[in-house]
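These notes are about the structure you will find just below.
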Amino acid sequence: MANRTDPAAKSIRGTNPQNLVEKIVRSKIYQNTYWKEQCFGLTAETLVDKAMELDHIGGTHGGTRRPTPFICLILKMLQIQPEKDIVVEFIKNDDYKYVRVLGAFYLRLTGTDIDVYRYLEPLYNDYRKLRMQSADGKFVLTHVDEVIDELLTKDYACDIAMPRVKKRWTLESHGILEPRKSVLEDDFEEEEEKEENEQMDGVENTGNDEKDYHHGRSPTRERDRDRRRDSHRYRDREYDRDYDRDRGRGRDRDRDRDRDRDRYRLRDEKDYGRERDRDRDREREGRDRERRGRDRGGGRRRSPSRSRSRSRDRKRRRSPSPRRNEAEETKKKEKKTSEKEKKDDGTDHPDPEIAEANRIRASLGLKPLK
């Protein structure tokens with residue numbers, strides 16, 4: 001019985017008013033001690049006393065998600081559904097800020113789009129501090145205008161889903177709502193008139209240039225100009241820093257590209273040299289094959305004298321001369337030294353990548369990798 005909605009209460013947005021609070025949060029509130037002891041039997045008149053005792057706002061907190069007294073009173077207002085005049089008096093109360101926030105929260109849940117903008121937007125000018133209990137149980141500092149902005153712009157507030165409201169410009173375009181007028185607009189107009197008068201006085205007093213220079217400017221305009229100049233300087237520094245960083249990256253990319261180009265060029269030159277030597281060997285073998293074919297003579301008979309002379313020539317060729325021996329020994333020594341140098345430069349390394357890197361380093365005159 002204590003958790004039932006008032007039979008005289010009207011349905012809001014086509015449902016029971018208590019259904020505006022999610023079922024899990026609603027069950028947590030029903031099991032809370034504050035709900036059972038302090039909210040039992042409350043009416044619209046006695047609810048004000050409990051609202052005046054509030055010292056913080058919030059939804060649920062802690063590991064068991066315990067509800068705060070603020071959200072318990074919100075559910076009680078949904079249960080008894082007080083009249084609109086009482087809720088408006090809650091919002092207009094300047095002495096108790098938590099009572100004002102309680103009425104604004106309830107109106108945001110149950111009021112129409114026009115009422116929400118009409119009664120909640122003036123609260124943007126209330127800058128008083130509020131204590132809010134966060135989900136981890138700690139208390140944080142906030143302000144009334146921040147809570148009102150959260151109610152008008154966020155989808156969730158104090159663990160309760162806010163109903164959808166139309167955009168203000170939509171209501172203004174249909175003529176349902178008047179354009180918003182800031183309370184500071186009169187102050188802005190007075191400031192502009194004061195600046196214009198000062199500028200006119202500065203134009204009239206042309207005798208003293210220094211006086212006109214300082215007299216024709218307002219402190220706010222000087223402050224805005226200095227702020228814009230500082231912002232431009234900061235933007236220029238950021239641009240220069242990004243430009244230098246990009247230029248350094250481009251220089252590194254060009255250096256890597258040149259190194260890869262040199263590596264591929266050396267590899268191509270080596271491959272070209274191997275192919276050229278291979279073609280030269282093929283041509284030499286072809287010439288030797290043709291020479292042997294001509295010597296055979298296609299089965300012609302040879303005279304004994306020619307055969308004897310050729311055998312003597314073969315023997316003469318087989319018996320090496322001293323000069324030829326010296327030339328062969330010189331070639332062998334050069335071959336050994338070249339093999340030794342090749343071993344020293346690391347081109348015969350078992351790892352093909354290290355061997356290729358050593359070839360490149362050898363062509364550049366650098367020490368080989370081990």
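We use all heavy atoms of the structure for the numbers below, so side chains are in, but hydrogens, waters and symmetry mates are not. One is the number of the first residue; the rest follow in order along the sequence.
With a 4.5 Å cut-off on side-chain heavy atoms, Asp126 and Tyr124 do not count as touching. At least one side-chain heavy atom of Val144 sits less than 4.5 Å from a side-chain heavy atom of Leu130. Two residues are said to be in side-chain contact when any heavy atoms from C-beta on lie closer than 4.5 Å; Leu73 and Leu47 meet this criterion. Within the 4.5 Å cutoff, side-chain heavy atoms of Leu20 are placed close to those of Thr110. In this structure, Met162 and Phe105 have side chains that are in contact, with non-hydrogen atoms separated by less than 4.5 Å. Counting heavy atoms from C-beta on, the side chains of Tyr119 and Val87 never come closer than 4.5 Å. Contact annotation: the side chain of Asn125 never approaches that of Asp145 to less than 4.5 Å [non-hydrogen atoms, C-beta and beyond]. Between Glu121 and Leu152, the closest side-chain pair of non-hydrogen atoms falls below 4.5 Å.
Linking ILVMFWY side-chain heavy atoms closer than 4.5 Å, directly or via other members, places Ile29 and Ile24 in two distinct hydrophobic clusters. The hydrophobic cluster containing Leu107 also contains Tyr96, counting ILVMFWY residues as joined when their side-chain heavy atoms lie under 4.5 angstrom apart, directly or transitively. Under the 4.5 Å side-chain heavy-atom criterion for Ile, Leu, Val, Met, Phe, Trp and Tyr, Val88 and Tyr117 are members of distinct hydrophobic clusters. Ile86 and Leu102 fall within a single hydrophobic cluster, where Ile, Leu, Val, Met, Phe, Trp and Tyr are joined by side-chain heavy atoms under 4.5 Å apart, directly or via other members.
Closest heavy-atom contact between Cys158 and Ile71: O-CD1, 3.4 Å. Closest approach of Ile57 and Val101 over heavy atoms only: CG2-CG1, 4.4 Å. The two residues Pro82 and Met77 come nearest to each other via the heavy atoms CD-O, 3.2 Å. Nearest heavy atom pair, residue His56 against residue Phe70, reads O-CB, 3.9 Å. Closest approach of Ile91 to Arg100, counting heavy atoms only: O-NE, 2.8 Å. Between Pro163 and Leu109, the closest heavy-atom pair is CG-O, 3.6 Å.
Within 6.0 Å of atom CD1 in Ile176, more than 12 heavy atoms from other residues, nucleotides or ligands are found, so the atom counts as buried in its surroundings. Atom OH of Tyr34 has more than 12 heavy atoms from other residues, nucleotides or ligands within 6.0 Å.
Of the charged side-chain nitrogens involved, at least one lies within less than 4.0 Å of a carboxylate oxygen, so that Glu356 and Arg359 count as a salt-bridged pair. With salt bridges taken as basic N to acidic carboxylate O contacts below 4.0 Å, none links Arg278 and Asp281. One finds no salt bridge joining Asp149 and Lys154 here, because no Lys/Arg side-chain nitrogen approaches an Asp/Glu carboxylate oxygen to under 4.0 Å.
Of the possible polar contacts, none joining the Glu22 side chain to the Ile160 backbone as a donor-acceptor pair under 3.5 Å is found. Gln81 contributes no side-chain N or O that, together with a main-chain N or O of Asp6, makes up a donor-acceptor pair within less than 3.5 Å. Judged by distance alone, with hydrogens and angles left aside, the side-chain atoms of Thr142 form no donor-acceptor pair with the main-chain N or O of Met132 at under 3.5 Å. Remark: side-chain polar atoms of Gln18 are paired, donor with acceptor, to backbone N or O of Asn3 under 3.5 angstrom. Between the side chain of Tyr98 and the backbone N or O of Arg131 there is at least one donor-acceptor pair closer than 3.5 Å. Arg128 contributes a side-chain N or O that, together with a main-chain N or O of Asp94, makes up a donor-acceptor pair within less than 3.5 Å. In this structure a side-chain-to-backbone donor-acceptor pair under 3.5 Å is present from Lys28 to Thr64.
Remark: Gln133 CD to Arg66 CZ distance equals 8.0 Å, nearest 0.5 Å. Interatomic distance, Arg108 CZ to Ile148 CD1, rounded to the nearest 0.5 Å: 10.5 Å. Distance CG/Leu54 to SG/Cys72: 10.0 Å, rounded to 0.5 Å. One distance of note links CD of Glu283 with CD of Glu285; it measures 11.0 Å at 0.5 Å rounding. The distance from the CG atom of Asp159 to the NE2 atom of His61 is 10.5 Å, given to the nearest 0.5 Å. Atoms NZ and CD1, from Lys166 and Ile114 in turn, are 8.5 Å apart once rounded to the nearest 0.5 Å.
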For this session: Determine, stepwise, if the pair Lys84 / Asp115 fulfils side-chain contact (heavy atoms from CB on, under 4.5 Å).
Result: CA-CA 10 Å; Lys84 182 180 177 181; Asp115 292 338; 3.0 Å; yes

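Below 30°, between 30° and 60°, or above 60°: for Tyr30 and Trp35 the angle between ring planes is between 30° and 60°, a tilted geometry.
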